Structures are given as structure tokens and as C-alpha cells.
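By convention here, the first residue in the shown sequence is residue 1. Everything quoted here is computed from the prediction, not taken from an experiment. Ligands are counted one by one from 1 in listed order, and the atoms in each one are counted from 1 as well.
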Amino acid sequence: MTSPEYRIGLGHDRHRLVAGRKLLLGGVEVPFELGLDGHSDADVLLHAITDALLGAAGLGDIGDWFPNTDPQWAGADSTVFLQAALSAVKERGWQVVNLDCTIHAERPKLSPHKAAIKNNVARLLGVLEDQVNVKAKTGEKVGAVGRLEAIDADAVVLLGRSDTAN
Ligand code: MG
């Protein structure tokens, strides 16, 4: 007999919007006059998803794995972080059941980009598109998001595995 085991993980991230940087969301470059600042490529959504994966498997956080003081990760492609977290999770027998995420951005308008972001995140995770959901919210013109100072992202991931020991 096998009984399925499940673990849930939560991720959150924020990066500052600045001039002269690309805006990468879920590995997709979104055209905008501002981009996200950070040590790596500052893909706020991939960072939140990476943290959710690590959290679900009890593996700490992205800062433990990829310190932002380490010159090795300067300008790093955040898909590398996601792939490393995914590999660590899979090595422990876990599979992604589903991912839900929210991007908080006053601008640019993300509705034209949500499908491409969802498609790319599903591809990166090696899951079907219907296992991934991407939502977008504005900051209602208040707070750091509303004042165009930052973009935030939240992610929740469910992992599952068959417990063959039982
Ligand atoms: Mg980050």
C-alpha cells in the first residue's frame, strides 16, 4: 500500500523598480520603461516560486542557497535558481502538484503577458499549463507597489509523493 504525502510551500519576494534594467517576470521579458533591480537578474516571480519550492520541501530559502553577497550570482539568470530548487525537491521524491502565484505591479499592465508567463513557468517546472496559475494585481496607487517603487510576487506550491515505505 502507498499513501500519498503532500507538502505546501509559500514564497514572497520584492524588487525595486529602477531605470536601466530589464523587467523579467517568470523568465519572460516584459517591455517597460523600468526594470527590477537586484544582485541577480531580479526576476521577482521566479524568486518567489523558488522559495515556495524550497519551503515545501523544508529546504530553507533562496538566500541560503544563493547568497546575494556571492559574486558568483551577480547578474545570474534566475532560471538557474529555480532549476536547482526543483532538482533538490525531485531528489527527495517530490513532484509539483500545482503552483498558484500573484504578481503585484501597478504598471505595466500584465494581462497581455500572463499567458506567456504561465507557459514559461510551466515549461521551467516541467509540468502542464493547467498545473500553473498566474494572477496579476495592481497596488491601487498606494504603498510601494502602487507608487511604482517595487514589484512584489507571491507563490504557493503543492508538492506530492507516494510514501512507498507504508
Ligand atoms: Mg529576489
Going by atom type alone, with no hydrogens or angles, which donor-acceptor pairs under 3.5 Å involve a side-chain atom of residues 84-94 and a protein atom two or more places apart or on another chain?
residue, atom, partner, partner atom, Å
Ser87, OG, Gln83, O, 3.0
Arg92, NH1, Ala88, O, 2.7

- Message: If you define the side chain from C-beta out and look only at heavy atoms, does anything of Leu110 sit under 4.5 Å from Pro108?
- Response: yes
- Asp13 versus His47, side-chain donor and acceptor atoms under 3.5 Å: yes
Cut-off 3.5 Å, no hydrogens considered: what does the side-chain donor-acceptor table look like for residues 147-159, sequence neighbours left out?
residue, atom, partner, partner atom, Å
Arg147, NE, Glu149, OE2, 3.0
Arg147, NH2, Glu149, OE1, 3.4
Asp152, OD1, Arg14, NE, 2.8
Asp152, OD2, Arg14, NH2, 3.0
Asp154, OD1, His12, ND1, 2.7
Asp154, OD2, His104, NE2, 2.7

- Value rounded to 0.5 Å, distance of NZ in Lys135 from OG in Ser111: 15.0 Å
Tell me which donor-acceptor pairs under 3.5 Å the side chains of residues 18-32 have, and how far apart each pair is, sequence neighbours excluded?
residue, atom, partner, partner atom, Å
Arg21, NE, Leu36, O, 2.8
Arg21, NH2, Leu36, O, 3.2
Arg21, NH2, Gly38, O, 3.4
Arg21, NH2, Ser40, O, 2.9

- Message: Could you enumerate the protein N, O or S atoms under 2.8 Å from the Mg ion (ligand 1), written like residue then atom name?
- Response: Asp13 OD2, His15 NE2, His47 ND1
